[in-house]
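We name chains A, B, ... by the order of the sequence lines, and we start the count at 1 in each one.
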Amino acid sequence: MSSTSSATAVTTDQRPGAEVVLRALKDQGVDVIFGYPGGAVLPIYDALFQQNAIRHILVRHEQAAVHAAEGYARSTGKVGVVLVTSGPGATNAVTGLVDALMDSIPVVCLTGQVPTHLIGNDAFQEADTTGITRPATKHNYLVKRSEDLAKVIHDAFYVARSGRPGPVVVDLPKDILIKPAPYTEAPAAGVEHRSYRPVTEPDPARILEAVRLLKRSERPVVYSGGGVINSGPEASRLLTEFVRLTNMPCTNTLMGLGAFPASDRRFLGMLGMHGTYEANLVMHGCDVMLNMGARFDDRITGRLDAFSPSSKKIHADIDPSSINKNVKVDVPIVGDAGRILAAMIECWKSDTTPIAKEAQAAWWTQIEEWRTKNCLAYVQQGSIIKPQHAVRRLYEMTQATGRDTFISTEVGQHQMWAAQYFGVEKPNRWMTSGGLGTMGYGLPAAMGVQIAHPDALCIDIAGEASILMNIQEMGTLAQYNLPVKVFILNNQYMGMVRQWQELLHGSRYSESYSEALPDFVKLADAFHARGLRAETADQLDDVIREMLAHPGPVIADICVAKDENCFPMIPSGAAHNEMILGPDQEKNARAVTDDGMVLV
Amino acid sequence: MSDTNVRTATIAVLVENEAGILARVVGLFSGRGYNIESLTVAAVDEEKLLSRITVVTTGTDMVIEQIKAQLDRLVPVHMVNDLSLAGPHLVRELALIKVVGKGEHRVEALRLADAFRAHVVDATTESFVFEMTGHGEKIDAFCALMRPLGLAEICRTGAVAIARGTAHMAA
Ligand SMILES: Cc1ncc(C[n+]2csc(CCOP(=O)(O)OP(=O)(O)O)c2C)c(N)n1
Ligand SMILES: [Mg+2]
């Protein structure tokens with residue numbers, strides 16, 4: 001085994017491997033794990049039974065265990081921990097692991113494995129877990145020797161949370177869990193890894209270059225992403241300070257929402273495929289772009305050769321492989337977002353380069369004009385509830401409660417409406433599956449958030465199709481009395497699929513109708529939760545009020561317009577300035593090129 | 001940095017000598033659609049538990065930068081060195097080449113082998129196995145000449161490479 005070179009204390013007394021595992025978790029500050037038992041991990045479950053330091057949350061499906069750990073991690077900044085059995089337990093977890101990989105969420109997933117002497121024999125519930133999860137994790141380990149056990153777990157936490165965070169799997173053969181193993185303390189000074197040493201401190205020369213470029217810029221923009229959230233709340237505070245200090249317009253990616261307060265007038269809203277008119281035109285027209293902890297994802301850039309054609313690009317990222325991957329940049333800055341922002345603020349204050357004040361004022365005038373388009377306007381009239389209106393009312397009514405509110409979403413139109421209409425003010429309050437786009441993420445994620453924040457208001461804004469993908473977790477809510485609110489925008493369609501079919505496939509709604517839906521009110525009842533339904537606009541507020549007031553878990557089935565589309569939209573393969581603003585312009589979508597058609 | 005100009009890069013990677021490392025590297029190339037022209041790996045330091053991988057790949061400058069950054073991101077990777085950019089370096093490959101034939105062809109094969117400094121490491125009355133080391137192009141050229149003379153089988157190691165002079169890689 002590799003990794004630590006620093007001196008570590010090894011205890012002489014040996015305890016069964018399973019106890020060593022729990023002790024290592026405890027030393028890593030773990031107080032809760034999300035898991036599901038099975039033969040290969042029975043020794044760990046036995047050890048769990050005999051202690052009180054670590055709380056185990058029994059989920060109903062291993063995928064949900066990982067999403068719950070993601071929700072826990074994203075809302076606390078701590079590493080989320082998962083425990084599953086070998087074979088099907090591990091394979092069920094894979095979607096969650098890839099989700100965490102794509103969105104850079106720190107998770108340690110312990111998987112059971114058949115005993116070492118049976119590995120490779122197609123033993124009962126054997127799967128090549130390290131093989132299967134190699135491209136699904138930031139790193140993984142198979143523990144083959146008892147003396148490595150504790151050290152591997154400490155390493156796993158270090159790898160999961162440092163640098164660009166991500167999921168780490170530790171595969172634990174059953175004999176290793178039973179045999180006595182020595183304990184190795186986590187090195188007090190932190191793990192010093194032999195080969196893995198992420199760079200967190202930025203190069204001051206690059207900082208200066210970036211600051212000067214921005215000061216001279218006539219049309220600047222700050223485009224920030226999940227990296228700022230991952231860096232910790234201090235980075236979001238620094239981002240806010242920097243944007244206010246420099247008075248630049250700021251837009252967030254889907255993963256970056258909450259890093260900058262949505263209510264600040266410098267906030268342009270989200271950018272990208274369903275971003276605002278003003279955010280996307282600012283990206284298109286800017287002359288200097290500061291990308292802070294985002295990765296020029298294809299949902300953001302649209303057609304690459306038309307992406308922000310006349311700007312100099314500064315890209316700050318902790319992962320060097322994100323730089324120059326999709327978009328060539330002029331000033332790369334490798335480091336932690338918080339440290340970069342702190343350095344930029346200092347440099348901005350001390351550097352004497354004159355600021356292009358007049359030009360920037362004119363830029364703001366232009367932006368205010370774009371804003372008057374009011375691209376998120378909708379008309380709520382008649383009795384049919386508009387989904388946008390439902391989210392807006394949810395936002396307003398939760399604001400009115402003054403409670404600390406955490407939003408998770410599933411995947412689809414409702415997710416985009418949540419991003420557009422539920423203004424997030426603070427970091428770590430917004431959990432969504434951005435990179436992988438995993439339907440079924442929201443309910444278990446909200447569950448993980450609620451475990452970490454028992455008194456907070458946790459709402460999963462869901463679609464009627466997505467929610468069925470992990471609906472079994474209603475059982476977990478009941479067992480632990482977690483008052484998560486599931487707010488379903490029920491349009492009876494896989495709305496996002498239907499929208500693409502309408503725009504790109506001649507309204508042939510192939511298999512996108514949510515046929516034979518359950519009665520969600522009765523379903524809630526069956527899971528010992530409160531079920532509510534709003535069928536008409538005049539019932540909406542009452543249902544939201546009742547949902548917020550109910551002390552336990554709730555499913556609120558909000559019957560919304562079936563054929564509403566999510567706008568603005570940049571059709572795939574189009575550029576930022578080719579956005580469709582609303583139904584009147586839908587015919588423009590016919591202009592989607594063959595190149596665009598192949599894009600997801 | 002060009003995103004149109006395609007070049008070949010010879011990249012040396014120093015890694016932890018641990019289970020699964022080769023699968024990580026190969027999986028990275030296949031998963032992200034990068035080319036592998038050749039790849040060699042062997043333990044180079046038993047004490048420090050290090051292996052060295054030499055990978056020859058082609059791509060635009062932007063893709064090759066990506067490949068290096070992605071390799072460097074793997075947890076058990078110590079160091080990535082693009083020898084093609086770092087300066088003068090040596091590239092060597094070993095090949096074993098079997099030629100089967102009689103009479104005139106056999107004589108001609110032996111004569112050419114001599115010219116290419118290929119060694120005969122096995123012979124029967126109807127066959128030779130030649131061993132040669134050198135740059136891949138030299139081996140290509142030799143094999144092309146052997147084809148009409150009864151070339152039966154080729155096996156090649158793929159390139160290994162090292163910088164000239166005092167510059168060296170150490171973990
Ligand atoms: C696991 C998974 N399968 C398929 C998809 C493709 N997909 C994206 S959105 C969507 C429809 C979601 O429907 P619903 O949950 O009702 O949300 P709506 O778009 O109607 O708001 C589908 C099938 C996905 N994102 N995830
Ligand atoms: Mg739907």
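With sequence neighbours excluded, no residue satisfies side-chain hydrogen bond (donor to acceptor under 3.5 Å, both in side chains) with B/R147.
Nearest heavy-atom pair, A/D319 versus B/R73, reported as atom, atom and distance to 0.1 Å: OD2-NH1, 2.7 Å. Across all non-hydrogen atoms, the minimal contact from B/P76 to A/S195 is CA-OG, 3.4 Å.
Atom NZ of B/K138 sits in a crowded spot, with more than 12 heavy atoms from other residues, nucleotides or ligands closer than 6.0 Å. Within 6.0 Å of CZ in B/R7 there are more than 12 heavy atoms belonging to other residues, nucleotides or ligands. No more than 12 heavy-atom neighbours from other residues, nucleotides or ligands sit within 6.0 angstrom of NZ on A/K312. Summarising the local packing, CG of B/L96 is surrounded by more than 12 heavy atoms from other residues, nucleotides or ligands at distances under 6.0 Å. In the displayed structure, A/N121 atom CG is contacted under 6.0 Å by more than 12 heavy atoms of other residues, nucleotides or ligands.
For a residue to count as touching a neighbouring chain, one of its non-hydrogen atoms must lie under 4.5 Å from one of that chain's; by this rule B/L50 touches chain A with the side chain only. At a 4.5 Å heavy-atom cutoff, the contact between B/V75 and chain A is made by backbone and side-chain atoms alike.
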* To do: Take B/R24 and A/N140 through the side chain to side chain contact (heavy atoms under 4.5 Å, CB included) test and state the conclusion after the steps.
  => CA-CA 10 Å; B/R24 281 182 212 285; A/N140 62 18; 2.9 Å; yes
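The distance from the CD atom of B/E16 to the OH atom of A/Y196 is 14.5 Å, given to the nearest 0.5 Å. Here the NE2 atom belonging to B/H78 is positioned 4.5 Å from the CZ atom belonging to A/R194, to the nearest 0.5 angstrom. Here the CZ-CG distance, from A/R134 to B/L74, works out to 10.5 Å after rounding to the nearest 0.5 Å.
For residues 6-64 of chain B, the set of pairs meeting the ring pair (Phe, Tyr, Trp, His ring centres under 6.0 Å) definition, not counting sequence neighbours, comprises B/F29-B/Y34.
Using modelled atom types, no side-chain atom of A/S321 and backbone atom of B/Q66 make a donor-acceptor pair closer than 3.5 Å.
Residues A/K325 and B/E65 form no side-chain contact, since every pair of their non-hydrogen atoms from C-beta on lies 4.5 Å or further apart.
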